[in-house]
There are 2 protein chains.
Amino acid sequence: MIGEQLAHLVEGLRLQGELKLPSERELAAQLGISRGGVRKGLATLIENGQVVQRVGRNGGTYIRTVNVDSYIVSPPVAPFTVSRSLNEVVGVPTLLVDQGYTPSTRILRAEERDAQKRERDQLGLSPGQRVVTIRRLRSANEVPLSLEEMTLPASVFPDLLSRDLSSIYELMADGYGVSVVTAQERIGVGEATPSAAYLLKVAPGAPLFDIERIALDQNNRPIELSRDLFRADLTRLTVTSP
Amino acid sequence: MIGEQLAHLVEGLRLQGELKLPSERELAAQLGISRGGVRKGLATLIENGQVVQRVGRNGGTYIRTVNVDSYIVSPPVAPFTVSRSLNEVVGVPTLLVDQGYTPSTRILRAEERDAQKRERDQLGLSPGQRVVTIRRLRSANEVPLSLEEMTLPASVFPDLLSRDLSSIYELMADGYGVSVVTAQERIGVGEATPSAAYLLKVAPGAPLFDIERIALDQNNRPIELSRDLFRADLTRLTVTSP
DNA sequence: AAGTGGTCTAGACCACAGC
DNA sequence: CTGTGGTCTAGACCACTTC
């Protein structure tokens, strides 16, 4: 691979305090390869941020210097951002309306099935008991915001699948007299798989908040397991502790 | 750009239920361009996950089908993960020791200077008052974990710069009788700049938790502004609400 | 005007996977 | 053996930036 040769060359020049590489044409001649090969090799250096290029008369390929003074992350470019407070338990539609956005929900899938072992453990169910899982895509102002998968004990919410599933929290309260008062959440960051990327209209590999939640109702009974993927470019989490 | 032509072509084929594109050589002939141009165009489609290629006798360029059933994010590959609870205010060294890791801290920079407008507003200072800013790189078991920039009112912490700055929270309590009891945090995700990537030993563009914090002491006085960048692959945030 | 990177062409050889 | 993508070559023209 030509890329590795070039990487070594750049490392050597950096140690000598050199800032600029020869032009692509010169490099090709010196290394005895074609300009196309040089460009392919430089492409990986550019992708890794080791080198930048500038066109024009005094352009060229420049070695990036590490600047400890400016390590701040790049400001995201987003049409808007949604804030989600971790200090209170509210549903996404409520959240969005409160911030002036128009929420919409697309149900991707809803089904009832036997609870799996892990679900039984976390929801306190016995073997053979049923759960309802709902997979939804939520949007704010028609911009895709999050993918959510929610698992609920079927016994607590009979006939759930025939209801309007766009706002479960409202449905819990109004239809079943259950309110979520406490939630434990675990927040990580994951890369969007191609399918998630397609649904959320981001590039594959784009960062997503990956949030797992166990919610308890007013009787401290586990009532909901969730796995939410929020577009990281559109979402800010806020928390006041303790 | 050739890429756009190809994107339209792929969209058309997808609607017709076609799964496979012509070979690169055929495409070049049909579109009246060179194979190099075709490859360059396909490169962006591959990057966007719209298409995959396979080599060999029955290889070719295949259109990806979206599978709604498997949108879960890819599991991260990490040597270990550190959990940080958002329900309590503890310093990073304490946090790491509690989880069985060996913490280390490298001071990148520490200085005293005039407070800027935004800092004065947030810390409740008057023009001309001084602040101390400290920039640190924290590691767990010698693996870089986070970059932190902390800004403190100099008047509250006289002579701070001559102390051991590896654990500010301990220093606040033991040296100045100040304890942080409340903090407001705003959590986003950003991409590592090349400099941040170099220090944290991740690839440029890798996702980082970007956490801004305002901390209040026992008298509800703002005492600390912070901007922390945590490696997202190593960090999990947990919270129990309310 | 001169030199840079950005792009495209036409052709070649290679490694690989199936027939 | 055949057809695929993966890579490289040699050459050309373009847009852009600076002298």
Side-chain angles (χ1 to χ4, degrees), chain A residues 1-14 16-65 74 77 194 203-205, chain B residues 1-14 16-66 193-194 203-205:
Chain A
M1 285 290 295
I2 291 176
E4 300 169 14
Q5 302 178 34
L6 281 175
H8 291 138
L9 189 141
V10 166
E11 211 36 56
L13 288 178
R14 161 175 276 152
Q16 293 168 38
E18 280 295 325
L19 288 182
K20 191 177 173 183
L21 269 65
S23 75
E24 294 181 349
R25 289 167 179 83
E26 266 184 74
L27 268 177
Q30 289 179 18
L31 301 179
I33 59 180
S34 71
R35 190 178 158 215
V38 170
R39 280 185 65 75
K40 189 151 196 307
L42 288 177
T44 76
L45 297 186
I46 292 169
E47 210 173 350
N48 290 347
Q50 305 176 44
V51 118
V52 286
Q53 291 187 312
R54 233 174 38 223
V55 295
R57 171 62 194 253
N58 259 32
T61 307
Y62 293 84
I63 298 179
R64 281 192 84 136
T65 56
S74 344
V77 287
Chain B
M1 283 290 294
I2 292 177
E4 300 168 14
Q5 301 177 35
L6 282 175
H8 291 137
L9 189 141
V10 166
E11 211 37 55
L13 289 178
R14 162 176 276 154
Q16 293 168 36
E18 281 295 325
L19 290 181
K20 190 175 173 183
L21 269 64
S23 74
E24 294 181 349
R25 289 167 179 83
E26 267 185 73
L27 268 177
Q30 288 180 21
L31 301 179
I33 60 179
S34 70
R35 189 179 158 213
V38 170
R39 281 186 65 75
K40 189 151 195 307
L42 288 177
T44 75
L45 296 186
I46 293 169
E47 209 173 352
N48 291 345
Q50 304 176 46
V51 119
V52 286
Q53 290 187 313
R54 232 175 36 225
V55 295
R57 172 60 196 255
N58 260 33
T61 306
Y62 294 84
I63 299 180
R64 278 193 89 134
T65 56
V66 174
T193 60

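Worth knowing before you read on, the calculation uses all heavy atoms, side chains too, and leaves out hydrogens, waters and symmetry mates. Residue numbers begin at 1 in each chain, while the letters A, B, ... track the order of the sequences.
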Of the listed nucleotides (C:dC8, D:dA10, C:dT7), which one gets closest to any side-chain atom of B:Ser34? C:dC8
Please state whether the phosphate of C:dG5, meaning OP1 or OP2, lies under 4.0 angstrom from any side-chain nitrogen or oxygen of A:Thr61. yes
Whole-Å gap separating C1' (C:dG18) and OH (B:Tyr62): 11 Å
How many Å lie between CZ on B:Arg35 and P on D:dA10, as a whole number? 18 Å
Nearest-Å distance, CG (A:Leu27) to P (D:dT9)? 13 Å
When you check the phosphate oxygens OP1 and OP2 of C:dG6, does a side-chain N or O of A:Arg39 lie under 4.0 Å from one of them? yes
Between D:dT4 atom P and B:Leu21 atom CG, what is the distance in whole Å? 13 Å
The side-chain hydrogen bond (donor to acceptor under 3.5 Å, both in side chains) partners of B:Arg57 (sequence neighbours excluded) come to none
In Å, rounded to the nearest 0.5 Å, how long is the span from OG1 of B:Thr61 to CD1 of B:Ile46? 6.5 Å
A:Leu42 CG to D:dC8 P, in whole Å, measures 13 Å
Please compare B:Gln53 and A:Gly32 by the position of their nearest nucleotide in DNA chain D and report the one closer to 5'. B:Gln53
Minimal non-hydrogen separation, A:Ile63 against A:Val51, with atom names: CA-CG2, 4.0 Å
Verdict with supporting geometry, B:Ile33 and B:Leu27, side-chain contact (heavy atoms from CB on, under 4.5 Å): CA-CA 8 Å; B:Ile33 60 179; B:Leu27 268 177; over 6 Å; no
A correct 5'-to-3' footprint of nucleotides 14-19 of chain D, with B, S and - meaning base, sugar-phosphate only and no protein heavy atom under 4.0 Å, is --BBB-
Here the distance between atom P of D:dG3 and atom NZ of B:Lys20, to the nearest Å, is 12 Å
Checking A:Lys20 side chain against A:Gly59 main chain: does a donor-acceptor pair fall under 3.5 Å? yes
Inter-residue atom distance B:Gln53.CD - B:Arg39.CZ, 0.5 Å rounding: 6.0 Å
To the nearest angstrom, the CD-C1' distance between A:Glu24 and C:dC8 comes to 14 Å
All side-chain contact (heavy atoms from CB on, under 4.5 Å) counterparts of A:Ser23, not counting sequence neighbours: A:Arg25, A:Glu26
